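All remarks here apply to the structure that follows.
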Amino acid sequence: MNQKTSAKKYLQTRSHKLPYHECFINSDWQEKGMATIMISKKQPSGNYIFALYLIDIFCLGLKNTFFDFNKKEMEYEDIKDNILDHEDMIDIEVDEAHNIIYGAIDYAEDLGFYPHKDFKTTEYLLNSDYIDKRIDEIEFGKDGKPLFIQGIDDNVHKILNTLNKNVGKGNYDFFAMD
C-alpha cells in the first residue's frame, strides 16, 4: 500500500474520531464570495491532519479541496503560517465552517453544480452533525440570485449553460475575466 492510499484509508477510517484542532477562514470571504477554509485535527501521535476547502458561496460551491496527513508540528505550523499569511485568515468556529461548506454545496447543487471530486475524501474530516440552524443566516448567492464570477480554470460555456437550464436567463449575474 502506498503512502497516498494509507493516508486516504486513515482519513476514511479514523479521522472522524479525532478532535478538531484549529479552523480558519479568509477574513473577506463574504465580500469576495470565495472562502478558503482550513480545518485541522490532531492525531494520537501528536501529528496533524488537515484539509483545505475552496468554496464559491456565490454560485459554484466547493471548487477545490485537498488534505495532508501525518504532519509533524513544525511542518504543520509552517504550512499553516504560509496559508494564513497568504490569505489573511482568521479563526472560525468549527460549526460555522461546516455551515459554510455544506451550505455552499447544497446551494450549488440546487443550481446544478457538484462538489469537487476530492470531497469524497476530504468530507471524512468533517462531521455533518456540526451543521446547525445558523446555516440559514448565511447568504449564498449575491443579492438573492447566483453570481458567477469567472475563474481562471472555469469552463464558462458549460457553467452558463447549466445556469440557463436550471435558473433561466436573467436569473443570475455573470462577471467575465478580461
Side-chain angles (χ1 to χ4, degrees), residues 1-109 113-138 140 151-154:
M1 187 179 315
N2 67 33
Q3 186 174 356
K4 186 175 181 180
T5 304
S6 296
K8 271 185 158 179
K9 184 173 175 91
Y10 184 92
L11 191 69
Q12 293 170 345
T13 60
R14 297 192 185 152
S15 69
H16 65 281
K17 297 176 186 173
L18 300 176
Y20 286 99
H21 176 65
E22 294 179 309
C23 191
F24 301 97
I25 190 168
N26 54 304
S27 61
D28 57 356
W29 67 276
Q30 291 173 305
E31 298 83 41
K32 281 188 174 178
M34 292 297 292
T36 301
I37 295 177
M38 178 181 183
I39 296 177
S40 64
K41 291 185 169 189
K42 197 167 190 177
Q43 298 170 236
S45 65
N47 291 344
Y48 297 88
I49 185 168
F50 70 90
L52 286 172
Y53 304 86
L54 178 63
I55 303 148
D56 176 353
I57 66 164
F58 288 164
C59 186
L60 301 177
L62 183 66
K63 291 186 72 164
N64 203 348
T65 184
F66 74 92
F67 77 99
D68 210 340
F69 163 79
N70 209 26
K71 292 295 177 189
K72 294 188 182 325
E73 186 170 4
M74 287 288 283
E75 293 174 301
Y76 170 74
E77 289 296 329
D78 287 346
I79 292 167
K80 180 182 82 172
D81 289 346
N82 187 29
I83 292 168
L84 268 62
D85 289 346
H86 179 71
E87 290 284 341
D88 188 29
M89 305 284 272
I90 57 173
D91 289 318
I92 185 174
E93 294 296 322
V94 172
D95 53 348
E96 186 176 2
H98 281 73
N99 287 333
I100 295 166
I101 293 167
Y102 282 106
I105 288 171
D106 288 347
Y107 179 76
E109 284 180 349
F113 304 107
Y114 298 94
H116 188 274
K117 63 182 175 49
D118 291 341
F119 187 61
K120 290 176 183 164
T121 302
T122 63
E123 185 174 21
Y124 286 103
L125 205 66
L126 302 174
N127 180 343
S128 61
D129 291 343
Y130 279 91
I131 300 168
D132 61 28
K133 63 184 178 187
R134 292 178 297 165
I135 195 170
D136 296 329
E137 298 169 10
I138 302 168
F140 297 102
I152 294 170
D153 296 325
D154 290 334

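Since this is a predicted model, take the numbers as computed values, not measurements. Counting begins at 1 with the first residue of the sequence.
With salt bridges taken as basic N to acidic carboxylate O contacts below 4.0 Å, one links D154 and K63.
In this structure, T65 and L52 have side chains that are not in contact, with every pair of non-hydrogen atoms separated by 4.5 Å or more.
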Given Y53 and E123, is the side-chain hydrogen bond (donor to acceptor under 3.5 Å, both in side chains) satisfied, shown in steps?
CA-CA 10 Å; Y53 304 86; E123 185 174 21; over 6 Å; no
Determine whether L126 and F119 satisfy the following criterion, side chain to side chain contact (heavy atoms under 4.5 Å, CB included), listing intermediate values before the conclusion.
CA-CA 10 Å; L126 302 174; F119 187 61; 3.7 Å; yes
Before giving the answer on side chain to side chain contact (heavy atoms under 4.5 Å, CB included), spell out for W29 and I100 the whole-Å C-alpha distance, their side-chain angles and the decisive distance to 0.1 Å.
CA-CA 10 Å; W29 67 276; I100 295 166; 3.6 Å; yes
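Checked against a 6.0 Å centroid threshold, the rings of Y130 and Y20 count as neighbours.
Partners of H116 by ring pair (Phe, Tyr, Trp, His ring centres under 6.0 Å), not counting sequence neighbours: none found. Residues satisfying the ring pair (Phe, Tyr, Trp, His ring centres under 6.0 Å) criterion with Y114, sequence neighbours excluded, are absent altogether. Every residue two or more places apart in sequence or in another chain was checked for a side chain to side chain donor-acceptor pair (under 3.5 Å) with K41, and none qualifies. The ring pair (Phe, Tyr, Trp, His ring centres under 6.0 Å) test applied to Y107 returns no partner, not counting sequence neighbours.
Screening L62, L60, N64, N26 for a side-chain contact (heavy atoms from CB on, under 4.5 Å) with L54, the sole residue that qualifies is N64. Paired with I49 under the rule side-chain contact (heavy atoms from CB on, under 4.5 Å), one option of D68, L125, I39 passes, and it is L125.
At least one donor-acceptor pair closer than 3.5 Å links the side chain of N99 to the backbone N or O of D132.
The salt bridge (charged side-chain N to carboxylate O under 4.0 Å, His left out) pairs that include a residue from residues 84-103 are D95-R134, where partners are two or more places apart or lie in different chains.
Rounding to the nearest 0.5 angstrom, the gap separating the NZ atom in K80 from the OG atom in S40 is 7.5 Å.
Residue-environment remark: CG (D136) exceeds the threshold of 12 foreign heavy atoms within 6.0 Å.
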Cut-off 3.5 Å, no hydrogens considered: what does the side-chain donor-acceptor table look like for residues 30-37, sequence neighbours left out?
unit_1: K32; atom_1: NZ; unit_2: D28; atom_2: OD2; d: 3.3

